[in-house]
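When a ligand or atom number is given, it counts from 1 through the structure's own listing order. Any value given below was found using the heavy atoms of this structure, including those in side chains, with hydrogens, waters and symmetry copies removed.
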Amino acid sequence: MLSPAIEQKLNDHLNLEFASAHLYLSMSAYFESQNLSGLARWMFVQYQEEIGHTMKFFKFINDRDGRVELSDVPKPEHQWEGPLDVFKSTLSHERMISNAINGLVRSALEANDYATHSFLQWFVNEQVEEEATAAGILGKLELLGDSRQGLYLLDQELGQRSVTAEET
Ligand code: OFO
């Protein structure tokens, strides 16, 4: 059974993951508009992953006899200056999500809620991955500079991404 305070924090985070999904879907649409179909595909898979994260919270809250409460999804950004700008936003967004997860972990420990603490460990590890992936792509884009050929090749590479069961 969840305490009302932890239930509220888990719901807040569920809605944050949903907002992440929306943001990445918006980035996918942006890349489609730029004829970068590989980057669009990569962001679409990222969107699917975030829906998976949302559903992990959905299931956990229900399993603990809590009540899921959805809130409004904020309108995401929809315009960027280019791929570098998109991945700078992605990295800073993922750092914000990591901070939110860390805050949840602290709250779970303070409330002696060990089941929630255990549930959150998957997300602690996932955030290491999320930040490293975004930083890795950002680093490649910085290396490419203004090379259109390089961007074409990176677009081809990132378009190979597919969603894995573990990530959802
Ligand atoms: Fe759910 O990890 Fe990204 O936001």
Side-chain angles (χ1 to χ4, degrees), residues 2 6-32 36 38-64 66 68-80 82-109 113 115-142 154 157-168:
L2 291 169
I6 295 291
E7 181 184 49
Q8 181 62 55
K9 286 176 191 293
L10 289 169
N11 266 304
D12 289 347
H13 197 87
L14 177 153
N15 284 293
L16 201 51
E17 294 285 345
F18 218 6
S20 299
H22 241 63
L23 174 64
Y24 294 135
L25 190 59
S26 181
M27 288 174 171
S28 179
Y30 167 76
F31 283 133
E32 290 287 1
L36 291 165
L39 286 162
R41 162 83 192 155
W42 193 94
M43 276 300 172
F44 186 76
V45 172
Q46 188 66 23
Y47 154 77
Q48 290 177 306
E49 258 198 49
E50 300 300 350
I51 293 291
H53 297 174
T54 306
M55 294 316 294
K56 280 184 192 289
F57 276 86
F58 185 91
K59 181 173 188 316
F60 182 74
I61 294 168
N62 284 326
D63 285 352
R64 299 283 311 282
V68 168
E69 201 178 330
L70 299 177
S71 63
D72 289 345
V73 184
K75 181 175 162 53
E77 273 183 68
H78 72 287
Q79 199 55 44
W80 289 270
L84 191 69
D85 190 28
V86 172
F87 277 90
K88 278 184 183 165
S89 294
T90 301
L91 182 57
S92 87
H93 183 80
E94 287 305 329
R95 285 179 176 155
M96 181 274 286
I97 296 289
S98 298
N99 285 337
I101 291 286
N102 291 340
L104 263 179
V105 170
R106 264 194 304 280
S107 300
L109 278 179
D113 185 342
T116 297
H117 181 265
S118 171
F119 164 73
L120 291 170
Q121 295 315 297
W122 186 91
F123 285 91
V124 171
N125 295 325
E126 175 68 6
Q127 283 311 121
V128 173
E129 189 79 28
E130 293 277 68
E131 286 190 39
T133 305
I137 297 172
L138 182 58
K140 284 183 183 176
L141 286 165
E142 280 167 348
L154 186 65
E157 180 192 325
L158 295 182
Q160 303 304 311
R161 184 180 187 194
S162 57
V163 73
T164 66
E166 172 57 19
E167 285 172 328
T168 56

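- A salt bridge does not link E17 with K56: none of the charged nitrogens is closer than 4.0 Å to a carboxylate oxygen.
- With 3.5 Å as the limit, one finds no donor-acceptor pair spanning the side chains of S89 and E77.
- Inspection of the R64 and T116 side chains reveals an N or O donor paired with an N or O acceptor under 3.5 Å.
- Under the 4.0 Å criterion applied to side-chain N and carboxylate O atoms, R95 and E130 are not assigned as salt-bridge partners.
- A search for salt bridge (Lys or Arg N to Asp or Glu O under 4.0 Å) contacts involving R106 returns nothing, not counting sequence neighbours.
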Could you list each N/O atom of ligand 1 together with any protein N/O atom closer than 3.5 Å, one pair per line with the distance?
residue, atom, partner, partner atom, Å
ligand 1, 2 (O), E50, OE1, 3.2
ligand 1, 2 (O), E50, OE2, 3.2
ligand 1, 2 (O), H53, ND1, 3.2
ligand 1, 2 (O), E94, OE1, 3.3
ligand 1, 2 (O), Q127, OE1, 2.9
ligand 1, 2 (O), E130, OE2, 2.7
ligand 1, 4 (O), S20, OG, 3.2
ligand 1, 4 (O), E50, OE1, 3.2
ligand 1, 4 (O), E50, OE2, 2.9
ligand 1, 4 (O), E94, OE1, 3.3
ligand 1, 4 (O), E94, OE2, 2.8

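- When W42, Y30, W80, Y24 are each tested for a ring pair (Phe, Tyr, Trp, His ring centres under 6.0 Å) with F87, only one passes: W42.
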